[in-house]
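Data first, discussion second: the structure below is written as structure tokens.
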Amino acid sequence: MAKKKEKRQKRKRGRSVQEFMGITTFTRYGLATNKGELLFFLVSPTNISVLSSVNIEIKIRHLMMVLSAIPNIEITCTDSCECFDDNKNYLRERLREEQNPSIRKILKKDIDMLDNVQAEMATARQFLFLGRCKGMKPEQVFQSANRIEKVISEQGFEVQRMKKNDIKRFLAIYFEASMNGDQMPDADGEQFFEMEEDGDEKKEVV
């Protein structure tokens, strides 16, 4: 009984972050997860503040048409760049507690710097439409990806299918890891090894 419990604990400790998130690997068309393959489509937002009420109703109707044609589609809205709100809140809290004038001056400069960086990067949102494919062959996934993109485009939305680097960047922002997700290696630590081929054998060089 004790051995079984120990094995279960080892399995729990041995789970990677990737397994915890349910991500398996990148595929030719999207991302494989333990709940099916995900297809990502980036839809450019529309500034409705400059549209008339009639045109806003038309946009809503077009979105309803998309949802009717693809009832299982999923939609997510995220920041289009890294968010510094947590960092700024921490610095403001430190500023309230700090008594040393010199350190308070540095903290204020840090807050101003983050404000400027965030303003330059803009705080625009990005909208992602996700199609989930379960139990499909690669050619079926390809057909489904083309159909989803066509349906969204036909309703007047500017859409593009996201490639591997685009998906990596989105995941990095979504999980608040980095805004340079497209530069992250596919396998953790991969950048520290150089693969060298020697005939049929491969050597790892640190």
Side-chain angles (χ1 to χ4, degrees), residues 15-23 25-26 30-31 33 38-53 55-60 62-63 66 73-131 152-153 156-194 206:
R15 291 186 68 189
S16 67
V17 175
Q18 182 177 326
E19 290 173 325
F20 180 74
M21 292 190 297
I23 295 173
T25 185
F26 287 99
L31 189 68
T33 73
L38 289 178
L39 307 175
F40 292 78
F41 302 87
L42 183 63
V43 178
S44 300
T46 301
N47 184 5
I48 61 173
S49 64
V50 299
L51 296 180
S52 65
S53 57
N55 285 327
I56 292 175
E57 289 180 6
I58 292 172
K59 276 291 181 184
I60 294 173
H62 286 168
L63 179 58
V66 171
I73 201 166
E74 301 169 38
I75 303 175
T76 182
C77 174
T78 67
D79 292 319
S80 60
C81 61
E82 193 173 11
C83 181
F84 298 106
D85 289 347
D86 290 342
N87 304 68
K88 290 192 290 185
N89 288 336
Y90 169 76
L91 290 174
R92 290 190 187 102
E93 185 65 29
R94 285 282 290 108
L95 188 61
R96 281 194 290 268
E97 297 172 352
E98 186 57 55
Q99 302 299 321
N100 188 313
S102 298
I103 296 178
R104 286 180 59 85
K105 187 176 180 180
I106 294 173
L107 289 171
K108 288 179 181 178
K109 285 185 176 180
D110 284 343
I111 293 172
D112 291 340
M113 183 271 293
L114 290 179
D115 283 336
N116 291 333
V117 170
Q118 196 160 14
E120 289 175 3
M121 291 165 58
T123 55
R125 303 293 186 183
Q126 60 180 1
F127 294 87
L128 275 68
F129 285 40
L130 282 69
I152 298 173
S153 178
F157 294 99
E158 187 179 334
V159 59
Q160 66 179 48
R161 195 185 311 174
M162 293 175 67
K163 297 180 180 178
K164 182 179 177 179
N165 284 346
D166 300 321
I167 297 172
K168 287 170 71 174
R169 185 174 184 276
F170 157 69
L171 291 174
I173 294 173
Y174 185 81
F175 289 108
E176 299 182 351
S178 168
M179 67 168 293
N180 299 313
D182 53 336
Q183 300 173 18
M184 289 183 174
D186 292 353
D188 192 21
E190 183 182 66
Q191 70 272 32
F192 300 114
F193 290 88
E194 182 180 314
V206 178

Under 4.5 Å between any side-chain heavy atoms of Lys59 and Thr46, yes or no? yes
Can you tell me how far apart NZ (Lys163) and CZ (Arg161) are? Round to the nearest 0.5 Å. 9.5 Å
Parallel, tilted or perpendicular: ring planes of Phe157 versus His62, cut at 30 and 60 degrees: perpendicular
Just so I know, are the side chains of Leu128 and Phe170 near enough to count as touching, which here means a heavy-atom distance under 4.5 Å? yes
Could you tell me the separation between the CD1 atom of Ile103 and the CG atom of Leu95, rounded to the nearest 0.5 Å? 11.0 Å
Does a side-chain heavy-atom distance below 4.5 Å link Lys105 with Lys108? no
Separation of Ser52 OG from Glu57 CD (nearest 0.5 Å): 8.5 Å
Verify the neighbour count for atom CD1 of Ile75: are there more than 12 heavy atoms of other residues, nucleotides or ligands below 6.0 Å? yes
Close side-chain approach of Ile152 to Ile73, heavy-atom, < 4.5 Å: yes
Please say whether more than 12 non-hydrogen atoms of neighbouring residues, nucleotides or ligands are located less than 6.0 Å from CD in Glu158. no
Gap between atom CE of Met162 and atom CG of Leu31 - 0.5 Å precision: 10.5 Å
Rounded distance [0.5 Å steps], CG in Leu91 versus CD1 in Ile106: 11.5 Å
For a 4.5 angstrom cut-off between non-hydrogen side-chain atoms, does Phe129 reach Val66? yes
Nearest-0.5 Å distance that lies between atom CZ in Arg104 and atom NZ in Lys109: 14.5 Å
For a 4.5 angstrom cut-off between non-hydrogen side-chain atoms, does Asp166 reach Phe40? no
